[in-house]
Amino acid sequence: MTARKHHHVVAAVIEVDGRVLCMQRGENRYPYTSHRWEFPGGKIEPGETPEQALHRELIEEMDFDVEVCEHLATVTHDYPDFTITLAAYRCKASTTAFTMREHAASRWLPWNELSTLPWCAADERLIAKFTQTE
């Protein structure tokens with residue numbers, strides 16, 4: 001029996017003028033993430049800090065140079081084929097312009113409309129944490 005893969009992943013919560021960047025994944029081998037929405041980001045490579053990984057991923061996937069700020073929340077989620085630990089960071093951007101290299105679509109939505117999209121399960125758990133009232 002093979003060990004279940006566990007990925008450490010970072011996500012950027014980028015808000016500009018009250019709207020949050022949402023990215024739609026394209027078709028992939030996992031039906032439970034294909035065409036679902038997510039916060040942009042990616043896997044942490046060996047030797048990288050989460051902040052370094054997030055900055056690198058946004059440059060590689062979107063040519064989007066943002067300032068990685070504070071850690072917001074971390075969730076762990078078991079998908080059918082793997083587990084991820086997803087850490088979200090607030091990021092500052094001076095523009096909403098980027099180049100979409102990996103995703104199928106993007107939207108800038110106000111916080112109260114995030115739940116209108118079909119999110120990947122781990123990102124959905126982050127949104128639930130962000131929108132909890134204290």
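Keep in mind it's a predicted model, so treat the numbers as computed, not measured. Numbers here simply count residues along the sequence, with the first being 1. Every heavy atom of this structure was used, including side-chain atoms; hydrogens, water molecules and symmetry mates were not.
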With a 4.5 Å heavy-atom cut-off, do [X] and [Y] have their side chains touching?
| X | Y | answer |
| --- | --- | --- |
| Tyr30 | Pro80 | no |
| His55 | Asp65 | yes |
| Pro40 | Leu21 | yes |
| His103 | Glu38 | yes |
| Trp37 | Pro118 | yes |
| Asp63 | Arg101 | yes |
| Phe130 | Leu114 | no |

Do [X] and [Y] belong to the same hydrophobic cluster, where Ile, Leu, Val, Met, Phe, Trp and Tyr are linked whenever their side-chain heavy atoms lie under 4.5 Å apart, directly or via other members?
| X | Y | result |
| --- | --- | --- |
| Phe39 | Ile84 | yes |
| Leu109 | Val16 | no |
| Leu54 | Met62 | yes |
| Tyr89 | Val9 | no |

Can you tell me which residue among Thr99, Ile59, Ile14 is in a side chain to side chain contact (heavy atoms under 4.5 Å, CB included) with Phe64?
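One option only clears the test, and that one is Ile14.
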Could you pull out the closest heavy-atom pair between [X] and [Y], with the gap in Å?
| X | Y | answer |
| --- | --- | --- |
| Val75 | Arg125 | CG1-CB, 4.2 Å |
| Glu48 | Ala53 | OE1-CB, 3.3 Å |
| Cys91 | Ala12 | SG-CB, 3.7 Å |
| Arg29 | Pro31 | O-CD, 3.5 Å |
| Ala104 | Arg25 | CB-O, 4.0 Å |
| Trp119 | Asp123 | CE3-CB, 3.7 Å |

For the CG atom on Asn112, are there more than 12 heavy atoms of other groups (residues, nucleotides or ligands in this structure) within a distance under 6.0 Å?
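It does: Asn112 CG has more than 12 such atoms within range.
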How long is the straight-line distance from [atom2] of [Y] back to [atom1] of [X], given to the nearest 0.5 Å?
| X | Y | atom1 | atom2 | result |
| --- | --- | --- | --- | --- |
| Leu126 | Leu86 | CG | CG | 4.5 Å |
| Asn28 | Glu102 | CG | CD | 11.5 Å |
| Leu58 | Met23 | CG | CE | 9.0 Å |
| Glu70 | Lys92 | CD | NZ | 8.0 Å |
| Met100 | Ser106 | CE | OG | 4.5 Å |

Between His35 and Glu27: side-chain donor-acceptor atoms closer than 3.5 Å:
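There is such a pair between these side chains.
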Return the orientation label for the Tyr32 and Phe82 ring planes: parallel under 30°, perpendicular over 60°, tilted otherwise.
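The rings of Tyr32 and Phe82 sit tilted, inter-plane angle from 30° to 60°.
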If the plane angle is over 60° it's perpendicular, under 30° parallel, otherwise tilted; pick one for Phe98 and Trp108.
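Tilted.
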Going through the checks in order, is the side-chain contact (heavy atoms from CB on, under 4.5 Å) test met by Glu45 and Arg56?
CA-CA 10 Å; Glu45 299 294 339; Arg56 176 188 51 76; 3.3 Å; yes
Among Thr76, Thr83, Thr85, the one residue meeting side chain to side chain donor-acceptor pair (under 3.5 Å) with His6:
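The passing option is Thr85.
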Sidechain-backbone polar pair: Gln52 side chain, Thr49 backbone, donor-acceptor under 3.5 Å
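At least one qualifying donor-acceptor pair exists.
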